[in-house]
Amino acid sequence: MTTLDTRNARLLMCRPEHFAVSYAINPWMDPTSWARDNRAHAAAAREWADLHRTLTECGADIDLVPSVPGLPDLVFTANAAVVLDRQVLLARFRHPERRREEVHFEAAFRSLQARGGVDSVCKLPEHVVLEGAGDCVWDETRKLFWMGHGPRSDAAALPRGEVMYLPDAFTKTGRAAIRARVAPEQRIAIGSEDGCRLAANAVCLGNAVVMSGCSERLRAELAERGYRVVTTPLPSFLRSGGSAFCLTLRLDRRSVPAAATPERAAVA
């Protein structure tokens, strides 16, 4: 098995101190059910801590956004921004319930910039909506972003170029775009069982694919391709329609290798 380098993997996360399902902006969210569950918040805290520990054990360095009362979805840092080449494009949220997160994510990135963690922080025009890496996933193999709109799509680009996706989550045009850009042997189409588990909502760190859960079929297929599936159950966050990928934001993605010279970068 080829070991992929994870020494530079840097993630942004937010502790779920104020996480709750207190409103409904997608089909997964049921505030009434959450309110009846006296153990919900404690369970979410345990699950998040397990994910944080697992990612650290897999080699990631993790920066934290301070949690804020009244902003339950701040924990889903994937929506904070698009980050590439140490440049940050801040998100602009579609739903009013999440728009108050924008100023807190901006403050976190400004602080990160002051500490040398990123080089620049930019804002979108007022009329443009883009919910960070939730809408815009970097594909390092093909040097492109996979972008979606409408209901959240379900796809992950793996380190060796495979794309794991739920076909039913895409339009006919979207599926055609995947077929046009991804060779058949690099497509991993998951079924409804894994779709309901948000199995493609995974964090890839070298050979490790960290996810809430998956079927034995998918685990075996990933193992055949040289990946190690690491499961850390996140049922509390599935209740908001999020999972491992949504709870993290990768800060170290580059369009060219970090060691590339300026001349090589220009050619690329």
Side-chain angles (χ1 to χ4, degrees), residues 10-52 55 60 62-83 88-115 117-118 121-137 149 151-152 198 201 203 212 232 234-251:
R10 291 178 55 227
L11 301 173
L12 186 71
M13 297 182 71
C14 176
R15 296 187 187 280
E17 294 173 4
H18 305 289
F19 173 70
V21 181
S22 55
Y23 48 75
I25 58 175
N26 66 47
W28 295 78
M29 302 177 82
D30 184 350
T32 302
S33 173
W34 179 274
R36 292 192 188 116
D37 188 347
N38 294 329
R39 297 172 294 179
H41 187 268
R46 288 192 301 270
E47 293 162 20
W48 188 95
D50 288 343
L51 175 64
H52 183 277
L55 295 171
I62 299 174
D63 288 285
L64 294 175
V65 175
S67 58
V68 178
L71 297 179
D73 284 344
L74 199 68
V75 70
F76 295 119
T77 52
N79 299 128
V82 176
V83 183
V88 177
L89 179 61
L90 295 169
R92 191 173 302 284
F93 287 96
R94 177 175 295 106
H95 296 285
E97 291 87 345
R98 297 202 65 182
R99 288 177 192 152
R100 289 196 300 122
E101 297 176 30
E102 294 171 12
V103 65
H104 297 284
F105 281 134
E106 180 177 0
F109 281 112
R110 298 290 183 194
S111 175
L112 196 60
Q113 182 183 17
R115 291 181 278 121
V118 297
V121 180
C122 303
K123 291 184 177 183
L124 287 162
E126 289 291 335
H127 64 284
V128 176
V129 171
L130 182 68
E131 298 190 348
D135 290 336
C136 194
V137 179
H149 62 88
R152 186 75 72 237
L198 298 186
N201 198 294
V203 178
S212 178
T232 176
L234 298 164
S236 297
F237 300 99
L238 266 66
R239 295 172 73 169
S240 273
S243 193
F245 180 87
C246 289
L247 290 164
T248 63
L249 178 65
R250 194 76 183 250
L251 299 175

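Note that the numbering runs from 1 along the sequence shown for the chain.
Formation of a donor-acceptor pair under 3.5 Å by the His41 side chain with backbone atoms of Glu17 is found in this model. Formation of a donor-acceptor pair under 3.5 Å by the Glu97 side chain with backbone atoms of Ile25 is not found in this model. Judged by distance alone, the side chain of Asn201 and the main-chain N or O of Phe245 form a donor-acceptor pair under 3.5 Å. Using modelled atom types, one side-chain atom of Arg92 and one backbone atom of Pro125 make a donor-acceptor pair closer than 3.5 Å. Looking only at distances, a side-chain donor or acceptor of Thr77 sits under 3.5 Å from a matching main-chain atom of Leu12.
Here the shortest heavy-atom pairing between Ala44 and Pro16 reads O-CG, 4.0 Å. Heavy-atom minimum distance, Ala20 versus Ser240: O-OG, 4.5 Å. In plain terms, the two heavy atoms of Phe93 and Val129 that are nearest each other are C-CG1, 4.1 Å.
Between Asp63 and Arg10 there is a salt bridge, since a side-chain N of the basic residue sits under 4.0 Å from a carboxylate O of the acidic one. Between Glu106 and Lys123 there is a salt bridge, since at least one side-chain N of the basic residue sits less than 4.0 Å from a carboxylate O of the acidic one.
The CG atom of Leu130 lies 9.0 Å from the CZ atom of Arg94; values are rounded to the nearest 0.5 Å. Note that the CZ atom of Arg15 and the CG atom of Leu64 stand 5.0 Å from one another [nearest 0.5 Å]. To the nearest 0.5 Å, atoms CG (Leu71) and NE2 (His104) are separated by 5.0 Å. Atoms CZ and CE, from Phe76 and Met13 in turn, are 11.0 Å apart once rounded to the nearest 0.5 Å.
None of Glu101, Arg98, Glu131 except one satisfies the side chain to side chain donor-acceptor pair (under 3.5 Å) rule with Asn79; the exception is Arg98.
Side-chain contact between Leu90 and Leu124: absent, with no pair of heavy atoms (C-beta onward) separated by less than 4.5 Å. Side chains of Cys14 and Ser67 form a contact here, defined as non-hydrogen atoms less than 4.5 Å apart. Residues Phe105 and Leu249 fail the side-chain proximity criterion, which asks for heavy atoms closer than 4.5 Å. Between Asp37 and Arg239 the shortest side-chain heavy-atom distance falls below 4.5 Å.
Using a 30° and 60° split on the angle between ring planes, Phe19 and Phe237 fall in the tilted class, from 30° to 60°.
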